[in-house]
Student: 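Sharing a structure, written as C-alpha cells. Questions coming.
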Amino acid sequence: MNIHDLLSKDSIFLPLESGSREEIIRKMADGLQASGSVNDLEQYVQAVLAREQQSSTGIGFGVAIPHGKSAGVKKASLSFARLSEPADWESLDDQPVSMVFMIAVPAENVGNEHLKILVALSRKLIHEEFRQQLLNAKSEDEVIEIVKNI
C-alpha cells in the first residue's frame with residue numbers, strides 16, 4: 001500500500017483555519033468529499049466523531065490521526081491539514097495539535113486497512129525530521145512527496 005496514493009490535492013490544507021476538533025474534522029471531510037472519496041459526508045463525519053468519543057486520536061508530537069470506517073466512504077483515502085493555530089485535541093501528551101492526518105475507509109472493507117494506514121503513518125510521525133518537513137511544506141505537491149517517503 002502506498003500511503004501517498006491515498007492523498008489528493010483537494011484533501012490537503014496548508015493551512016487549515018483552526019477551530020474546534022469537530023470543525024477541523026468537518027473541513028477535512030469536505031476535502032475528502034471534493035476528492036471523490038466520500039459520497040455521504042454526514043455519515044462519514046459521524047463515524048469519525050463516534051471514534052473520537054471512544055478516545056482521543058491525538059497521538060502526541062502535535063499530531064492527531066482521526067479516522068472513520070463508513071458506508072459513506074467510496075474508497076480508502078487520507079486528508080492532511082497543517083493548522084493555522086494549534087488546537088486542543090485532548091492528546092495523549094496533553095499538548096495541542098498542529099497537524100492532522102484523517103483516514104477514511106469504506107465500511108465494507110473487512111479487515112484492517114485503516115490499521116495498516118495508521119501504523120504506516122505512526123511509524124513515520126515519531127521522527128522529528130518527518131514532522132518538521134510537513135510543518136515546512138509549501139504546497140500540496142510537496143506534502144505528497146514527503147509522504148511518498150514513508
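Keep in mind that the numbers below use all heavy atoms, side chains included, and drop hydrogens, waters and symmetry copies. Keep in mind that this is a model prediction, so the values were computed, not measured.
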Student: Can Gln95 and Trp89 be said to form a side chain to side chain donor-acceptor pair (under 3.5 Å), step by step?
Tutor: CA-CA 8 Å; Gln95 297 300 309; Trp89 211 276; over 6 Å; no
Student: So do the side chains of Gln43 and Ser70 get within less than 4.5 Å of each other, counting heavy atoms only?
Tutor: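 Yes; the side chains approach each other to less than 4.5 Å.
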Student: Is any side-chain heavy atom of Ile65 closer than 4.5 Å to a side-chain heavy atom of Met102?
Tutor: no
Student: Kindly give the heavy-atom pair with the smallest separation between Ala34 and Asp10, and that separation in Å.
Tutor: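 Looking at all heavy atoms of both residues, the closest pair is O-OD2, 3.4 Å.
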Student: If you look at every heavy atom in Ala87 and Ile24, which pair is closest and at what distance?
Tutor: CB-CD1, 3.7 Å
Student: One pair to check against side-chain contact (heavy atoms from CB on, under 4.5 Å): Lys27 and Glu17. What are the steps and the verdict?
Tutor: CA-CA 9 Å; Lys27 289 175 189 174; Glu17 288 301 314; 3.8 Å; yes
Student: Answer yes or no: does atom CD of Gln46 have more than 12 heavy-atom neighbours from other residues, nucleotides or ligands under 6.0 Å?
Tutor: yes
Student: Answer yes or no: is there an ion pair linking Glu113 with Lys69, defined by an N-O contact shorter than 4.0 Å?
Tutor: no
Student: Any side-chain heavy atom of Ser79 sitting closer than 4.5 Å to one from Phe13?
Tutor: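 With C-beta onward as the side chain, the pair touches.
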Student: Is there a side-chain contact (heavy atoms from CB on, under 4.5 Å) between Ser91 and Val97? Walk through the geometry before answering.
Tutor: CA-CA 8 Å; Ser91 297; Val97 164; 3.4 Å; yes
Student: Can you check side-chain contact (heavy atoms from CB on, under 4.5 Å) on Phe80 and Val100, steps first, answer last?
Tutor: CA-CA 6 Å; Phe80 172 76; Val100 180; over 6 Å; no
Student: I'd like to know if Arg26 and Glu42 make a salt bridge, using a cut-off of under 4.0 Å between side-chain N and carboxylate O.
Tutor: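 Yes, charged N to carboxylate O under 4.0 Å.
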Student: Stepwise, does the side-chain contact (heavy atoms from CB on, under 4.5 Å) test hold for Leu78 with Leu121?
Tutor: CA-CA 11 Å; Leu78 191 59; Leu121 279 173; 3.9 Å; yes
Student: Is any side-chain heavy atom of Gln133 less than 4.5 Å from a side-chain heavy atom of Glu142?
Tutor: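 No, side chains not in contact.
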Student: Can you confirm whether Val105 sits close enough to His67 that some side-chain heavy atom of one is under 4.5 Å from a side-chain heavy atom of the other?
Tutor: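 When only atoms from C-beta onward are counted, His67 and Val105 do not touch, as no gap falls below 4.5 Å.
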Student: Quick one, Val147 and Leu7 - any side-chain contact, counting heavy atoms below 4.5 Å?
Tutor: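 Yes - at least one pair of side-chain heavy atoms lies under 4.5 Å apart.
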Student: Do Val143 and Leu14 come within less than 4.5 Å of each other through their side chains, counting heavy atoms only?
Tutor: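 The answer is yes; the side chains approach within 4.5 Å.
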Student: Any side-chain heavy atom of Thr57 sitting closer than 4.5 Å to one from Pro66?
Tutor: yes
